[in-house]
Amino acid sequence: MKINNKKTFILIIVFGFIINLSANFGMPGLSLPNDIVSGYNYNLVSILKQNEIKQNSFYTAYSPWMYDTKYSVINYNFDKGFIGFRGLLSDGIEIRGEQPSDDPVGETQYYNFAFGGGKFFKKDKMTVGISADILFEKLYYETSWGFELSSIFKYKISEIINPYVGFENLGMMNNLSNQSTSLPTKYYLGNELKLKSIHLGTSMGMDNELEMFYRLDVHYLNKIGNLSVGYSSYESVFHYGIQVFIKNYSIGFGQFIYTDELKSPFMFSVAF
């Protein structure tokens with residue numbers, strides 16, 4: 001009974017920590033940005049964007065996020081397909097007993113990752129993308145597994161107008177202790193307006209709790225590099241990102257400035 005009470009106490013503390021980290025999202029590793037250029041955009045939109053900017057096969061990003069949390073992304077592209085990994089690790093979570101005290105009795109971690117892949121099917125002006133991930137999370141000594149599916153349909157009306165519609169993170173997790181973690185499912189539509197070197201992205205979406213949101217981003221691309229700025233109303237965050245092209249490499253740096261948080265985490269990326 002004592003162990004169960006301690007476990008329940010720890011789970012309450014850490015779930016509160018995760019909720020604070022990721023606002024009203026579950027599985028926070030699925031909710032964080034995939035790259036510094038797209039910012040808080042949808043995963044498949046982000047991968048399409050990276051493929052369009054520069055034909056790199058390997059892309060990786062790392063961020064010392066916030067609250068002792070580390071976040072990393074790895075994508076490998078091949079023949080219009082890709083495999084990828086997104087992982088989040090939160091260290092230094094204090095363990096306290098049934099009776100609150102000034103000093104913790106120890107520390108634990110929260111960890112989750114998504115591993116999977118997908119493929120884009122292109123014919124004439126139409127692009128269809130689909131991906132799937134195996135999901136895992138661990139809190140203290142409790143673990144949970146699950147899966148998610150994402151898809152996008154994009155149609156090129158002209159060189160300027162490129163609308164798309166899709167969904168992401170549609171799936172489920174089994175129980176972590178006595179409760180399953182909800183996935184940050186989103187349904188969206190948007191458009192990328194291409195004006196020579198300037199690309200303007202706009203989208204609106206809805207989550208599985210019927211909350212509406214919008215996202216805006218602007219990219220300036222030339223042979224030297226790429227500059228992007230954006231805003232997401234769902235996460236209440238501004239972002240900027242810079243990529244520099246050095247031969248076959250792309251070196252990136254970005255920052256995410258939350259209006260509801262004191263910290264503004266950085267992200268670094270390399271592609272080749």
Side-chain angles (χ1 to χ4, degrees), residues 22 25-63 65 70-89 111-123 126-138 143-156 162 164-174 180-188 190 192 201 203 205 208 241 243 248-250 252 267-272:
S22 56
F25 310 111
M27 284 292 287
L30 294 179
S31 299
L32 299 185
N34 188 66
D35 71 81
I36 57 98
V37 173
S38 298
Y40 267 104
N41 215 320
Y42 316 99
N43 189 44
L44 291 177
V45 174
S46 172
I47 292 174
L48 279 173
K49 188 68 179 177
Q50 280 296 326
N51 291 344
E52 177 186 309
I53 291 173
K54 200 171 179 62
Q55 295 297 318
N56 296 125
S57 297
F58 182 82
Y59 176 89
T60 182
Y62 172 78
S63 174
W65 199 246
K70 305 171 184 66
Y71 174 63
S72 58
V73 179
I74 300 173
N75 285 323
Y76 178 73
N77 299 290
F78 57 93
D79 191 27
K80 298 180 182 178
F82 65 92
I83 56 175
F85 170 89
R86 286 172 285 169
L88 178 145
L89 173 65
Y111 179 63
N112 69 48
F113 72 75
F115 176 76
K119 190 172 179 64
F120 296 104
F121 302 89
K122 298 184 179 182
K123 184 176 181 181
M126 181 178 66
T127 299
V128 177
I130 186 168
S131 68
D133 285 306
I134 296 172
L135 308 176
F136 172 81
E137 65 176 339
K138 182 176 182 180
T143 60
S144 175
W145 292 88
F147 70 93
E148 72 83 22
L149 300 173
S150 299
S151 184
I152 187 173
F153 174 85
K154 186 175 183 179
Y155 190 81
K156 183 179 180 180
N162 299 266
Y164 57 84
V165 61
F167 65 85
E168 70 176 9
N169 301 326
L170 184 63
M172 61 179 296
M173 298 289 294
N174 61 21
S180 62
T181 303
S182 62
L183 300 186
T185 306
K186 297 181 181 66
Y187 308 89
Y188 59 87
E192 186 176 25
S203 71
N208 51 4
Q243 272 186 316
N248 294 326
Y249 291 85
S250 302
M267 179 176 282
F268 309 89
S269 69
V270 177
F272 54 87

Do L183 and L30 touch side chain to side chain, with heavy atoms closer than 4.5 Å?
yes
Smallest separation among heavy atoms of Y40 and S31, with atom names:
CE2-O, 2.9 Å
For R86 and D133: C-alpha separation, side-chain torsions, deciding distance, then whether salt bridge (charged side-chain N to carboxylate O under 4.0 Å, His left out) applies.
CA-CA 10 Å; R86 286 172 285 169; D133 285 306; 3.2 Å; yes
Please name the pair of heavy atoms, one in S131 and one in L44, separated by the smallest distance, quoted to 0.1 Å.
OG-CD2, 3.9 Å
Note, S250 side chain near Y59 side chain (heavy atom, < 4.5 Å):
no
CE (M173) and OG (S144) are apart, to the nearest 0.5 Å, by 3.5 Å
When you compare the side chain of F58 with that of I74, does any pair of heavy atoms fall below 4.5 Å?
yes
Would you say the side chains of Y42 and S203 form a donor-acceptor pair under 3.5 Å?
yes
Are side-chain heavy atoms of L135 and N112 found at a separation under 4.5 Å?
no
Taking side chain as C-beta onward, heavy atoms only, is W65 less than 4.5 Å from P33?
yes
Let's go through F136 and F113 carefully: what are the C-alpha distance in whole Å and the side-chain angles of both, what is the deciding distance for ring-ring contact (aromatic ring centres under 6.0 Å, His included) to 0.1 Å, and is it a yes or a no?
CA-CA 5 Å; F136 172 81; F113 72 75; 5.3 Å; yes
Pairwise distance CG(N43) to CG(L48) - rounded to 0.5 angstrom
10.0 Å
May I ask you to check whether Y249 and F272 place their ring centres under 6.0 Å from each other?
yes
Side-chain donor-acceptor pair under 3.5 Å between T185 and N169, yes or no?
no
For the side chain of S151 and the backbone of G166, is there at least one donor-acceptor N/O pair under 3.5 Å apart?
no
Could you state the interatomic distance from OG (S150) to NZ (K186), rounded to the nearest 0.5 Å?
10.0 Å
Please enumerate all residues that pass salt bridge (charged side-chain N to carboxylate O under 4.0 Å, His left out) together with K70, with sequence neighbours excluded.
D91
Can you find a pair of side-chain heavy atoms, one from F120 and one from V128, that are under 4.5 Å apart?
no
How long is the straight-line distance from CG of L149 back to CG of L170, given to the nearest 0.5 Å?
6.0 Å
Not counting sequence neighbours, which residues clear side-chain contact (heavy atoms from CB on, under 4.5 Å) with S57? List them please.
Y76
Check whether the side chains of T143 and E137 place a donor and an acceptor atom closer than 3.5 Å, and report yes or no.
no
Ring geometry between F167 and Y187 (parallel below 30°, tilted from 30 to 60°, perpendicular above 60°):
tilted
Is it the case that more than 12 heavy atoms not belonging to I83 sit under 6.0 Å from its CD1 atom?
yes
CG on L88 to CG on L32, rounded to 0.5 Å:
6.0 Å
Determine, stepwise, if the pair V37 / Q50 fulfils side-chain contact (heavy atoms from CB on, under 4.5 Å).
CA-CA 8 Å; V37 173; Q50 280 296 326; 3.7 Å; yes
Worked verdict on Y188 versus V45 for side-chain contact (heavy atoms from CB on, under 4.5 Å):
CA-CA 11 Å; Y188 59 87; V45 174; 4.3 Å; yes
Between F153 and Y164, ring centroids under 6.0 Å
no
Is it true that, when you exclude N248 itself, more than 12 heavy atoms of the residues, nucleotides or ligands shown sit nearer than 6.0 Å to its CG?
no
With a 4.5 Å heavy-atom cut-off, do E192 and K154 have their side chains touching?
yes
Check step by step if side-chain contact (heavy atoms from CB on, under 4.5 Å) holds for Y62 and M267.
CA-CA 6 Å; Y62 172 78; M267 179 176 282; over 6 Å; no
So, do I47 and N77 sit near enough that their side-chain heavy atoms are less than 4.5 Å apart?
yes
